[in-house]
Visitor: 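Here's a structure for you.
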Amino acid sequence: MPHPVHQPYVTTTPFSIGLRPITPDHLIEVDDALGRDLALKTELYATDEAAVFRAEPETVVAQGEALDAVLACLKEHHRDLYEIDETGVTIGPTGTRHAFQDFAAAPLKLASLLVQEDLCLMRKGAEGWRLAAASVCFPSSWSLADKFSKPMSAIHDPVPGFAGRMLMVVERIFDNLQIGQAVERFNWSLYTDSHLRHPEPHPELLESLNEIALAERLTVRVERQTLSRLPESGDVLFTIRIHVDRVDALRHHPDREKLAGALKEQVLAMTAEQRRYKGLTVAAERVAAVLDRIASAA
Ligand code: HEM
């Protein structure tokens, strides 16, 4: 069973801003599930495109910039997987060829069909930064239809502690983000399955499972997010990459004590409001007991 790629629960407190600089060409992460994830995206586009892709009409040029940013990362770090020429892109592992001209009206759609990330374009307006275009196939308990074209304040309305100072700081970070100075941050949540797409509100199942079931089903869903300024439009490209790690697999990790211990501490340190948001009001103690056993497993 693969080990977690990112362990933000060891270093970052949930519900914090926690931005770190990255090199601008490090927006995209590719792993062995590329083919599986792109097949899922293709199916979602085919069955219900409006659920996964929305764009304001004036965003086509900025979408093209987002595509350029993604292509630049792929050229820099994943030459072995993608063949990029003047007319289009071939994805090596799947053999799929996409022609640029087929996506002239929606370049962000093409960008999203090349990588495992979800991609959002944020644009500054009278109400602050809003979600002006997006391909979101793998949301963590939210839906694009609800959030599209809304400003950061409304998008984060359900998030405890976001309104007020945090919103102000985030807006300022967006205002001041420099071209070529990309940043990353992480969110994590507990779920009861490994599905990538969760458009429904936080899973109630977590609250109803007993310790035995939790021990079998608990997964950590880690979101790696990046922010980077697009040079021409001044919009911000926001990427979201989901990693799902079975908690049970931590049993076999050499650092299980540290990882399961950190997760447990973070769950127990949440306020009542934060627990409610994460679907952990009743489950927190049971989850902590499961993690405790993993941390101390011989
Ligand atoms: C520095 C920038 C940002 C910060 C610090 C931030 C912070 C947060 C935090 C703390 C949460 C709660 C997540 C959790 O722990 O479960 C959250 C949720 C969320 N964020 Fe952000 N966020 C940022 C940027 C964005 C952007 C650009 C978008 C645009 C799509 C976005 C969309 C969302 C959505 C949709 C949720 C779920 C809200 C819900 O429950 O309905 N965030 N964010």
Side-chain angles (χ1 to χ4, degrees), residues 6 8-9 12-22 27 52-56 59 62 66 108 112 117-125 127-177 181-191 197-204 206 220-230 235-242 263 266-267 269-271 273-281 284:
H6 301 292
Y9 33 87
T12 323
T13 318
F15 301 97
S16 59
I17 296 180
L19 290 169
R20 287 187 321 195
I22 55 169
L27 307 181
V52 296
F53 185 82
R54 302 270 175 128
E56 295 177 4
T59 56
L108 191 66
S112 77
E117 274 74 8
D118 281 331
L119 304 170
C120 300
L121 262 184
M122 303 299 292
R123 178 164 287 182
K124 177 99 183 212
E127 291 182 90
W129 289 87
R130 71 176 187 281
L131 183 54
S135 169
V136 178
C137 292
F138 307 138
S140 303
S141 303
W142 59 282
S143 87
L144 181 56
D146 281 350
K147 311 282 187 187
F148 175 60
S149 239
K150 293 201 175 141
M152 291 282 262
S153 51
I155 289 175
H156 290 93
D157 189 47
V159 178
F162 196 92
R165 202 184 119 67
M166 190 184 249
L167 173 62
M168 238 175 55
V169 174
V170 169
E171 291 272 340
R172 206 178 310 135
I173 289 167
F174 275 64
D175 287 344
N176 294 331
L177 194 62
Q181 287 187 350
V183 288
E184 71 175 5
R185 68 178 296 275
F186 293 89
N187 282 343
W188 62 268
S189 296
L190 293 167
Y191 280 69
R197 180 167 168 77
H198 272 290
E200 75 291 338
H202 265 280
E204 285 170 18
L206 198 59
V220 191
R221 182 179 173 95
V222 171
E223 289 179 60
R224 175 184 184 252
Q225 307 176 339
T226 73
L227 294 170
S228 46
R229 167 90 60 217
L230 297 173
D235 291 348
V236 170
L237 173 63
F238 177 60
T239 70
I240 312 167
R241 172 67 198 278
I242 305 296
L263 263 175
Q266 299 273 22
V267 166
M270 283 181 204
T271 64
E273 218 189 346
Q274 291 172 341
R275 285 186 187 184
R276 193 176 326 115
Y277 178 75
K278 295 278 198 189
L280 286 168
T281 298

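Basis for what follows: all heavy atoms, side chains included, without hydrogens, waters or symmetry-related copies. The first residue in the sequence is number 1, and the count goes up from there. In listed order, ligands and their atoms are each counted from 1.
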Visitor: Between atom CD1 of Ile240 and atom CD of Glu117, what is the distance when rounded to the nearest 0.5 Å?
Guide: 10.0 Å

Visitor: To the nearest 0.5 Å, tell me how far Ile17 CD1 sits from Ile173 CD1.
Guide: 4.5 Å

Visitor: Please answer whether the main-chain N or O of Trp129 pairs with a side-chain N or O of Glu171 as donor and acceptor at a distance below 3.5 Å.
Guide: yes

Visitor: Salt bridge or not between Glu56 and Arg123? Use side-chain N to carboxylate O under 4.0 Å.
Guide: no

Visitor: Using 30° and 60° as the class boundaries, would you call the ring planes of Trp188 and Tyr9 parallel, tilted or perpendicular?
Guide: perpendicular

Visitor: By the definition side-chain hydrogen bond (donor to acceptor under 3.5 Å, both in side chains), identify the one residue from Arg221, Lys278, Glu223 that meets it with Ser189.
Guide: Lys278

Visitor: Please tabulate, one line per pair, the protein N or O atoms found under 3.5 Å from any N or O atom of ligand 1, giving the distance to one decimal.
Guide:
residue, atom, partner, partner atom, Å
ligand 1, 15 (O), Lys278, NZ, 2.6
ligand 1, 16 (O), Lys278, NZ, 2.7
ligand 1, 20 (N), His156, NE2, 2.8
ligand 1, 22 (N), His156, NE2, 2.9
ligand 1, 40 (O), Tyr277, OH, 2.4
ligand 1, 41 (O), Lys147, NZ, 2.7
ligand 1, 42 (N), His156, NE2, 2.8
ligand 1, 43 (N), His156, NE2, 2.9

